[in-house]
Protein chains: 2
Amino acid sequence: MTFPASTRNEETIRTIVNAAAESFAEDGFVGARVDDIARRAGINKALLYYYVGDKAALYAHVLLEAFQQACSLVDSAVDTHSSAEEQLRGAIAAVARTAAANPSFPRLMLREITTGGTSLPEPVLKTMGHIFGTICRILRKGIEDGTFRNVDPLMTHIQIMGSILFLSTAEKTARRILPFAPVPQEELQPITADNIARQVADTILGGIRQQ
Amino acid sequence: MTFPASTRNEETIRTIVNAAAESFAEDGFVGARVDDIARRAGINKALLYYYVGDKAALYAHVLLEAFQQACSLVDSAVDTHSSAEEQLRGAIAAVARTAAANPSFPRLMLREITTGGTSLPEPVLKTMGHIFGTICRILRKGIEDGTFRNVDPLMTHIQIMGSILFLSTAEKTARRILPFAPVPQEELQPITADNIARQVADTILGGIRQQ
DNA sequence: GTCTATATACCGATAGAC
DNA sequence: GTCTATCGGTATATAGAC
């Protein structure tokens, strides 16, 4: 924790950050209300400012925490496998599980993408760069040992992340669309972390495998 | 055009709607400023209200126009092919081209997804439902004739759209991340509509094809 | 139809009592 | 450390002159 008045009451700060993560994910940085975050945290607005500084500092902290968690889960998932195929499957599952355990994460990410990442602080950019480097290394290894065909690492990485983040977030919107779609709706799978991981891993791995 | 004062000056309304699409895509509904939209359109704020009503009505109009364009392009792309594989490839290319020709579209869509689509007006939901129905029909046909394996239509549809929209929007953020990534950056492809269409079609089709 | 000026409301941030 | 009260700035929307 890196806030000015963080000598004590670590758990008050935790409560504020959790409330802020939800609020920023729901309404975005401009849409989120400091009053609302304070109310969710069960405290007063002036006290929030006392603990965590202004709105921008709180937002930067929320972002960094979410991405660092995703990053460490991806790294440890990759370390437990050796083949490129298993490593990629493990990385995909790690991101899908992070998104499911912390529903703010995919929404924060999608929002940042739409703004072009212009307000991302350097520590967050570094964390995102680290994840991209990990995926890149897996793809490169698979291409060199003949497992994968010669795909573009950047586009493949963006597609993998886009698939997982979108699947993790789109269910609510999809449920509003389905009543207007002229299709039978019996056998649709629930969108769980496991199903997302399987869907993305099966299609991407099948799509980039050397035939 | 369905605005109150639309008896004349159709092109003034066009200018306003185009300015609004950019502004909403850049800053979101809450972040966009009516003053800014009026300034981009080269007119006065009071005149904007005179022509198109309030901010919410303008936003609903921008959304509907973008989705209807995507919808009709997908439909006509599908109609010019007969096999499930060619139809899916055509639909993917149509969405990618729509996103490239109208950069507001993917960003508006990503923003709506993060809010759960709670503010989407019914005509937009109908249009999105129509596109989903089209993709569903292609997948079902391919599954029945043995071209595709038995994939979940909803998850596959969400993955396809997420891949295209994310790839169409993420380049700016990616360029900010790349300097922090420990990878060589010579041979990365530029993210054009054609490259997006090829990347998504190749991976998804390869991933869902019956082996 | 087009403008200026303004009403009204809200929000981020802080001052200051306890 | 925790609160109430409020300042200052800014946003949507409209009134009203021309």
- Item | Aromatic plane relationship, B/Phe67 with B/Phe105 - under 30° parallel, 30 to 60° tilted, over 60° perpendicular | perpendicular
- Query: How many Å lie between CG on B/Leu58 and P on D/dT12, as a whole number?
  - Reply: 11 Å
- Within this structure, what is the CG-to-P distance between A/Asp27 and C/dC10, rounded to whole angstrom? 16 Å
- Nucleotide D/dA13, atom P - distance to CG of B/Leu47 in whole Å: 16 Å
- Message: I need the B/Glu85 CD to B/Phe148 CZ distance, nearest 0.5 Å.
- Response: 5.5 Å
- Task: Could you check how far CG of A/Asp36 sits from C1' of C/dC10, rounded to whole Å?
- Result: 14 Å
- Query: How long is the line joining CD1 of B/Ile16 and P of C/dG1, in whole Å?
  - Reply: 12 Å
- Message: Quick one: does any side-chain atom of B/Asn195 pair with a main-chain N or O of B/Pro190 as donor and acceptor, under 3.5 Å?
- Response: yes
- Residue among A/Val200, A/Thr156, A/Val78, A/Ile160 satisfying side-chain contact (heavy atoms from CB on, under 4.5 Å) with A/Leu88: A/Ile160
- Message: Can a donor-acceptor pair be found, under 3.5 Å and without considering hydrogens, that links the side chain of A/Asn9 to the backbone of A/Thr12?
- Response: no
- Task: Would you mind reading off the distance between B/Arg39 atom CZ and C/dT2 atom P, rounded to a whole angstrom?
- Result: 19 Å
- Task: For the pair B/Phe29 and B/Tyr59, name the ring-plane relationship: parallel under 30°, tilted 30 to 60°, perpendicular over 60°.
- Result: tilted
- Note on the structure: A correct 5'-to-3' footprint of nucleotides 11-18 of chain C, with B, S and - meaning base, sugar-phosphate only and no protein heavy atom under 4.0 Å, is SBBBB---
- Item | Integer-rounded Å distance: C/dC3 P and B/Leu48 CG | 12 Å
